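Bear in mind the structure is a predicted one, so any value in this text is a computation, not a measurement. Order of appearance sets the numbers: ligands from 1, and atoms from 1 within every ligand.
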Amino acid sequence: MPISPRLKEIFQNAKSVCVLTGAGISAESGVPTFRGGGNAAVWKGMPFDQISSARMVRENLNEVWEWFDYRRGVLKDCEPNPAHFALAEWQNRFADFTLVTQNVDGLHHRAGSREVLELHGNINRSSCTNCEKRFQMNAEDVPHKPEVCDRCEARVRPDVVLFGEMLPMDAFLKAEQKSRECDLFFVVGTSALVYPAAGLAEIAKFSGARLVEINPEETPMTGFCDEVLRGKAGEVLPLF
Ligand code: OAD
């Protein structure tokens, strides 16, 4: 998958670059995606968007924890891949660089990215269902701990944005502003189905940025993109 000389030139001359990543960027690290290849993740017979929902936190927090503890267990053995490392290097290449992720796996940080706008939270954090105090967990904390908040004794939950919940406003507003201001926007490894995150690519495009998709599969964003690089993130990103 060679990068065209024209895209290379645009990349080299870009002043402000924004990248939106999704589960596909961590696929080569061994983190399962939610969608792709015609399949959607299922946990104990339940579609992942049912278990990862605000309603499930209210009705069956134990099940939610089981699913997230399982995913944290998988992550324990995963390392950042060349795609994460390439983006960590991009932060030093541009006057203005913004990395926005829908991923909760923390692999961008582990690869050396200093500032990451995490739109969907982080799987290694929990928060109190009552007072919203946050707790950091280690990869070894499987099953999670603590169970209850040390301030108010209410139960804690994964500090992850679930279906039916709002995104962290400060991270989203910054991502939106950077999407509007950038001249080059990359959409990497996302099915581009979940809003408002996917809408950032549209904001960038409508604001005049050049839009580049990196994904082995077609997505609803494909037709909207100026350049489509059909390949794996870990193989394509290091080519820039
Ligand atoms: P999805 O699982 O929906 O999509 C993964 C995308 O990655 C698909 O388009 C694949 O084709 C692509 N892909 C697979 N392997 C790849 C590779 N090696 N390189 C590049 N791309 C690859 O993941 P997201 O779009 O991130 O929300 O899903 C969005 C949100 O839906 C997630 O953040 C999650 C989920 O519900 C929360 O957890 C709140």
Proximal ligand 1 atoms for A27, defined as those under 4.0 Å from one of its heavy atoms | 15 (N)

Of all the non-hydrogen atoms in the protein, which one sits nearest to atom 25 (O) of ligand 1, and at what distance?
-> T190 OG1, 2.6 Å

Please determine, by modelled atom types, if H108 and T21 share a side-chain donor-acceptor pair under 3.5 angstrom.
-> yes

Indicate, with yes or no, if the rings of F48 and W43 have centres closer together than 6.0 Å.
-> no

Do side-chain atoms of N103 reach the backbone of G22 as a donor and acceptor pair under 3.5 angstrom?
-> yes

Atom 30 (C) of ligand 1 sits nearest the protein heavy atom V194 CG2, 3.8 Å

Are F85 and W90 close enough that their ring centers fall under 6.0 Å?
-> no

Could you tell me if any non-hydrogen atom of I25 lies under 4.0 Å from any atom of ligand 1?
-> no

Find all atoms of ligand 1 within a distance of less than 4.0 Å from any non-hydrogen atom belonging to Q102, and give their numbers and elements.
-> 29 (C), 33 (O)

Looking only at protein heavy atoms, what sits closest to atom 9 (O) of ligand 1 is N215 ND2, 2.9 Å

Contact region, E28 to ligand 1, non-hydrogen atoms below 4.0 Å, reads side chain

Atoms of ligand 1 less than 4.0 Å from F163 heavy atoms?
-> 36 (O)

Could you say whether the N/O atoms of V161 and ligand 1 ever approach to under 3.5 Å?
-> no

Region of A23 that comes within reach of ligand 1 [heavy atoms, distance under 4.0 Å] = both

Shortest heavy-atom approach to atom 1 (P) of ligand 1 - which of A40, S26, S191, A41 | S191

Proximal atoms of ligand 1 relative to E217 (non-hydrogen, under 4.0 Å) | 11 (O)

Of all the heavy atoms in D49, does at least one lie under 4.0 Å from an atom in ligand 1?
-> no

Could you check atom 33 (O) of ligand 1 against the protein and tell me its nearest heavy-atom contact, residue, atom and distance included?
-> H120 ND1, 2.8 Å

Transitive ILVMFWY side-chain link V142 to I123, under 4.5 Å = no

Purely on distance, is any nitrogen or oxygen of A233 under 3.5 Å from one on ligand 1?
-> yes

Is a side-chain donor-acceptor pair under 3.5 Å present for S207 with E181?
-> no

Near G22, which atoms of ligand 1 are under 4.0 Å from a heavy atom of that residue?
-> 26 (O)

Common cluster, I51/V42, ILVMFWY with side-chain heavy-atom separation under 4.5 Å = no

Have a look at P32, G24, G234, S53 and point out the one with the heavy atom closest to atom 17 (C) of ligand 1.
-> G24

Single-linkage hydrophobic cluster, 4.5 Å side-chain cutoff, V188 and V17 together | yes

Indicate the ring-plane relationship of F11 and F240, choosing parallel, tilted or perpendicular according to the 30° and 60° boundaries.
-> tilted

Under a 4.5 Å side-chain heavy-atom rule over Ile, Leu, Val, Met, Phe, Trp and Tyr, are I10 and L87 clustered together?
-> yes

Salt bridge present between R71 and D105 (N-O < 4.0 angstrom) | no

Could you walk me through whether W67 and S52 pass the side chain to side chain contact (heavy atoms under 4.5 Å, CB included) check?
-> CA-CA 8 Å; W67 155 244; S52 284; 2.9 Å; yes

Looking only at protein heavy atoms, identify the closest one to atom 6 (C) of ligand 1 and say how far it is in Å.
-> G189 O, 3.5 Å

Residue-ligand contact P216/ligand 1, heavy atom below 4.0 Å = yes

ILVMFWY cluster, F135 and L75 together (side-chain gap under 4.5 Å) | yes

If you have a sec, work out which protein heavy atom is nearest atom 34 (C) of ligand 1 and how many Å separate them, to one decimal?
-> F34 CE1, 3.5 Å

Contact partition for R35 relative to ligand 1, non-hydrogen atoms under 4.0 Å | both

